[in-house]
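Reviewing the structure listed below.
Computed from a predicted structure; not experimentally measured. In what follows, residues are counted from 1 in the order of the sequence shown.
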Amino acid sequence: MKGRGAVLTDAFPSFLIGLREGLEAGLVVSILLAALAKAGRKDRVGPVWLGIAAAVGLSLSFAAVLTFTSAHLPPKAQDVFGGVLSLLAVGFVTTMVFWMRRASASMSGDLKAKLAAALGASTGVLVFTAFAAVAREGLETSLFLWTTAQTAHEKSGPAIGAVFGIAVATLLCWGFYHRALKLNLAKFFKVTGLALVVIAAGVAAYGLQDLQESGVVGGFTSYAWDLSAHIDPNAWYSTLVAGTLNLTPKMTWLSVAGYLAYLAPVLFFYLRPAAAPKPAAVPAPQTAEAAPTAQAPLPTAESADTPAASAPSKPSTPSAPPRKPAPRWAMGTAVVAVPAVAAVAVIIAVGPASSAKSDQTVEVSAASCGEGFGDLSTGEHVFQMKNTGDVPAEVYLLDPATNAVYGEIEGLAPGTTRPLTATLGAGTYAWRCVPNGKGAVTSEAKRASGTGTSKTAVVPVSEKDLDGPLDQYRSYVTDKLDELAGHTAKLKQDVDSGDRASAEKDWLTAHLAYNRLGAAYGTFGDWDGKIDGRADGLPDKEKDKDFTGFHRLEYGLWHGEPAADLAPIADQLDADVHGLIGDWPKLDFDAADLPLRSHEILENTLQFQLTGDADYGSGSTVATAEANLAGTRVVLNTIRPLVQARDPRALAQIDSWLDRFGAVVNAAKQPDGSWTPADKLAPADRQKLNGTLGELLERLSVVPDLLEIRKAT
């Protein structure tokens with residue numbers, strides 16, 4: 001249901017564009033055809049339809065060029081392309097609504113006057129008259145529909161909306177032409193114009209934010225508001241507002257300023273009463289067949305006749321025999337095919353320049369690296385990497401000056417060939433091959449010629465880079481383990497004294513303190529299973545003798561087991577915590593696991609806490625999720641400078657989603673300090689909790705890749 005709502009929301013702006021622009025073009029066609037019928041020149045209807053077909057072909061070709069050109073640009077260039085065209089579309093739609101507001105009353109007469117002049121000329125002039133009348137609307141429609149498609153959540157929505165809008169416009173025009181429909185077109189164009197002005201303001205804001213995201217304009221992380229922690233961007237109401245107005249829970253100052261700077265003055269001038277238009281110079285009316293349009297201010301065919309029927313014929317020149325006109329099929333093929341051929345030419349010209357090139361097979365071995373590495377050009381390449389050695393190897397395409405990696409293959413087996421895809425900008429590149437058990441070999445450097453930008457490179461991380469963050473994390477855990485020991489001692493005392501109420505309260509305090517340590521991905525070795533292990537996989541489940549620690553005590557406290565039976569369990573928990581404290585300085589901790597832990601802590605939360613798998617009666621899994629979030633923040637903060645240096649935009653998005661998930665989690669906390677269990681949350685709240693965490697994990701998944709220790713260094 002949510003997906004269907006997003007489609008309908010995204011369809012509305014395109015429906016409005018298709019309806020309004022389709023109606024404008026349809027009225028033009030109706031007026032031209034009616035004028036020909038009144039002038040008794042139905043034999044000239046064919047060239048008019050030919051001009052209309054040429055305009056449609058040009059519009060579709062223009063849309064194809066926009067789509068394919070954008071798809072073949074690098075990511076940064078795509079943002080610039082989309083931002084510039086969004087602002088251009090805003091300019092076009094603004095002039096269109098003001099032009100229609102001013103010219104609607106005289107449109108019919110102007111068109112008929114041009115048509116009357118064309119009737120006495122060649123077929124080509126008549127074709128061009130119809131083409132020029134329709135092409136403007138078609139090009140505007142293509143540009144604005146393409147722009148709204150870029151802002152859509154569901155890409156099928158704009159297409160559906162445009163098709164329905166054009167279909168409705170076609171039916172309306174058919175009704176006008178056959179005098180079966182009456183509509184106050186002045187009011188229609190005024191109301192739809194007002195809606196388009198508001199939509200165009202949102203497109204302007206989106207275009208400016210696209211330019212900021214590309215880096216061409218600054219201020220991408222300077223937000224006028226960030227309500228993402230309080231408003232779910234995937235909720236139906238968020239989708240509705242974003243799809244129609246392009247207002248989102250998180251907007252930069254520039255996009256908001258652009259929105260208001262466009263909307264305020266344009267609305268002021270649009271709503272201001274328009275001056276009465278001067279009457280068009282059209283021939284005297286005849287009492288002839290009625291016209292296709294409806295009520296004033298668009299005049300009907302009764303209000304303006306075509307003078308072609310009464311115009312004097314152009315005298316013939318006997319000495320110049322008339323040229324034989326080109327066959328109609330030839331002209332029709334030409335006017336429709338030319339835009340299509342031009343579009344294909346543009347697409348072909350753009351495509352190969354930025355599409356993948358697969359022109360090099362590069363050999364890898366222990367003795368040499370990069371055999372076959374030839375001249376380079378900018379753009380996307382697919383290198384065929386062939387291991388001609390006798391051991392597996394890791395292969396990196398990098399900048400030899402900075403070691404920044406642009407592409408890599410791990411575990412390239414002997415005798416095998418695998419593709420490596422990389423987008424290269426102007427710069428210097430080399431191959432570095434690291435055969436298993438042998439030293440690294442670097443190829444000759446090559447410079448890529450041409451223009452363009454490369455995809456973001458990954459600057460390799462060494463173990464030395466992670467030594468500082470690892471020491472910082474060890475120091476944090478050391479301090480918090482002493483704090484944890486104090487909590488478990490208090491819990492042991494409660495159980496020993498038989499104070500069940502205090503034991504339940506202090507159990508939660510101690511358990512949350514443990515989870516804030518970030519115990520994931522083997523942080524504490526075997527101690528984690530003893531202190532916080534679950535009954536999964538044990539023969540006797542909760543009653544198994546090997547089930548110990550916090551969850552065993554939780555099960556006993558919330559299932560009414562006698563305090564005397566729980567005392568040994570509490571004693572063992574306290575002893576295991578002290579055992580961990582003693583072993584912690586000696587535990588072998590791999591620095592490479594630290595980036596993984598920033599993701600794994602909350603992945604465990606999604607797998608065990610929010611599913612209820614780790615709930616043994618306390619209903620505290622959401623509270624534990626909050627503690628795991630705190631542990632994730634601690635780990636992330638230790639490696640923050642390394643992530644910031646490699647992908648500041650990704651880090652900003654991670655921070656935003658951390659805050660958003662924290663707000664969703666805290667919504668489950670009651671005023672008295674208790675927590676609503678995950679399985680007691682309302683379905684919508686449960687879905688929001690899971691969905692927000694899922695998106696956060698997606699954002700965090702880039703951290704291990706960014707900070708992977710590579711042999712390229």
Discussion item. Checking side-chain polar atoms at under 3.5 Å, does Thr676 have a donor or acceptor matched by the opposite partner on Gln670?
Written reply: yes
Worksheet item: Is any side-chain heavy atom of Leu606 less than 4.5 Å from a side-chain heavy atom of Asn690?
Response: yes
Worksheet item: Yes or no on side-chain hydrogen bond (donor to acceptor under 3.5 Å, both in side chains) for Asp613 and Thr611, after CA distance, side-chain angles and deciding distance?
Response: CA-CA 5 Å; Asp613 188 56; Thr611 60; 5.4 Å; no
Worksheet entry | Side-chain touch Thr621/Leu610, heavy atoms, less than 4.5 angstrom | no
Worksheet entry | Exercise: identify the closest heavy-atom pair between His487 and Ala513 | CD2-CB, 3.7 Å
Discussion item. Is any side-chain heavy atom of Arg534 closer than 4.5 Å to one of Glu542?
Written reply: no
Fill in: Side chain to side chain, Glu695 and Phe661, heavy atoms closer than 4.5 Å
no
Response to the item:
Distance col, row Asn604:CG vs Thr632:OG1, nearest 0.5 angstrom, shows 9.5 Å
Worksheet item: Could you state the interatomic distance from OG (Ser701) to CG (Leu706), rounded to the nearest 0.5 Å?
Response: 9.5 Å
Fill in: 4.5 Å side-chain heavy-atom contact, Asp685 and Leu689
no
Practice prompt. Specify the closest pair of heavy atoms between Val622 and Ala668, including all atoms of both residues, with the distance to one decimal.
Written response: CG1-CB, 3.7 Å
Worksheet item: How about Tyr514 and Asp528: do any of their side-chain heavy atoms sit closer than 4.5 Å?
Response: yes
Fill in: Any side-chain donor near an acceptor of the partner, Asn637 and Tyr476, under 3.5 Å
no
Worksheet item: Taking NZ, NE, NH1 and NH2 as the nitrogens, is one of them in Lys543 or Glu561 under 4.0 Å from a carboxylate oxygen of the other?
Response: yes
Worksheet item: Around Gln644, counting heavy atoms of other residues, nucleotides and ligands shown, do more than 12 lie under 6.0 Å from its CD?
Response: yes
Worksheet entry | side-chain contact (heavy atoms from CB on, under 4.5 Å) evaluation trace for Asp647 with Val702 | CA-CA 9 Å; Asp647 198 338; Val702 305; 5.5 Å; no
Worksheet item: Yes or no on side-chain contact (heavy atoms from CB on, under 4.5 Å) for Asp615 and Glu554, after CA distance, side-chain angles and deciding distance?
Response: CA-CA 9 Å; Asp615 185 4; Glu554 175 190 9; 3.4 Å; yes
Worksheet entry | Nearest heavy-atom neighbours spanning Leu208 and Gly258 | CD1-CA, 3.6 Å
Discussion item. Using 30° and 60° as the class boundaries, would you call the ring planes of Trp584 and Phe524 parallel, tilted or perpendicular?
Written reply: perpendicular
Worksheet entry | Sidechain N-carboxylate O distance under 4.0 Å for Glu600, Arg597 | no
Fill in: Rounded distance [0.5 Å steps], OG1 in Thr488 versus CG in Leu481
10.0 Å
Discussion item. If we ignore hydrogens and angles and just use 3.5 Å, is the side chain of Thr416 paired with the main-chain N or O of Leu412 as donor and acceptor?
Written reply: no
Discussion item. Before you tell me yes or no, could you show the steps for Asp471 and Arg474 under salt bridge (charged side-chain N to carboxylate O under 4.0 Å, His left out), namely the whole-Å CA-CA distance, both residues' side-chain angles and the distance that decides it to 0.1 Å?
Written reply: CA-CA 5 Å; Asp471 290 342; Arg474 279 188 172 277; 5.5 Å; no
Worksheet entry | Over all atoms of both residues, closest heavy-atom pair of Ala201 and Tyr259 | O-CD1, 3.3 Å
Worksheet item: In terms of side-chain heavy atoms, does Asp465 have a donor or acceptor partner in Ser462 at a distance below 3.5 Å?
Response: yes
Fill in: Considering all heavy atoms, the nearest Leu491-Ala503 contact
CD1-O, 3.3 Å
Discussion item. Determine whether His511 and His551 satisfy the following criterion, side-chain contact (heavy atoms from CB on, under 4.5 Å), listing intermediate values before the conclusion.
Written reply: CA-CA 9 Å; His511 189 235; His551 289 304; 3.9 Å; yes
Worksheet entry | Over all atoms of both residues, closest heavy-atom pair of Leu700 and Ser598 | CD1-O, 3.5 Å
Practice prompt. Under the side-chain hydrogen bond (donor to acceptor under 3.5 Å, both in side chains) rule, what do Gln212 and Ser255 come out as? Steps first, then yes or no, please.
Written response: CA-CA 9 Å; Gln212 288 182 296; Ser255 62; 5.1 Å; no
Practice prompt. Run the numbers on Val395 and Arg432 for side-chain contact (heavy atoms from CB on, under 4.5 Å), then give the verdict.
Written response: CA-CA 6 Å; Val395 186; Arg432 184 161 295 163; over 6 Å; no
Worksheet, complete the sentence: Exactly one candidate in Asp496, Asp506, Asp499 meets salt bridge (charged side-chain N to carboxylate O under 4.0 Å, His left out) with Lys490; the answer is Asp506
Practice prompt. Please round to the nearest 0.5 Å and tell me the distance separating atom OG1 of Thr624 and atom CZ of Arg516.
Written response: 9.5 Å
Worksheet item: Is Ser475 reaching over with its side chain to a backbone N or O of Gln472, donor-acceptor style, under 3.5 angstrom?
Response: no
Worksheet item: Got a donor-acceptor contact below 3.5 angstrom from the His599 side chain to the Pro595 backbone?
Response: no
Worksheet item: Between Tyr616 and Phe547, is the ring centre distance below 6.0 Å?
Response: yes
Practice prompt. Please lay out, stage by stage, how Trp527 and Asp576 fare under the test side-chain hydrogen bond (donor to acceptor under 3.5 Å, both in side chains).
Written response: CA-CA 7 Å; Trp527 290 111; Asp576 288 338; over 6 Å; no
Fill in: Under 3.5 Å donor-acceptor, Arg418 side chain and Gly411 backbone
yes
Discussion item. Does any part of the side chain of Glu394, heavy atoms only, come nearer than 4.5 Å to the side chain of Ile409, both counted from C-beta?
Written reply: no
Discussion item. For the CZ atom of Arg699 and the CZ atom of Arg660, what is their distance to the nearest 0.5 Å?
Written reply: 8.0 Å
Item to complete: Mind checking the CG-CG spacing from Asp655 to Leu696? Nearest 0.5 Å is all I need.
Response: 10.0 Å
Fill in: Asp705 CG: over 12 foreign heavy atoms closer than 6.0 Å
yes
Fill in: Contact check, side chains of Leu658 and Arg633, non-hydrogen atoms, under 4.5 Å
yes
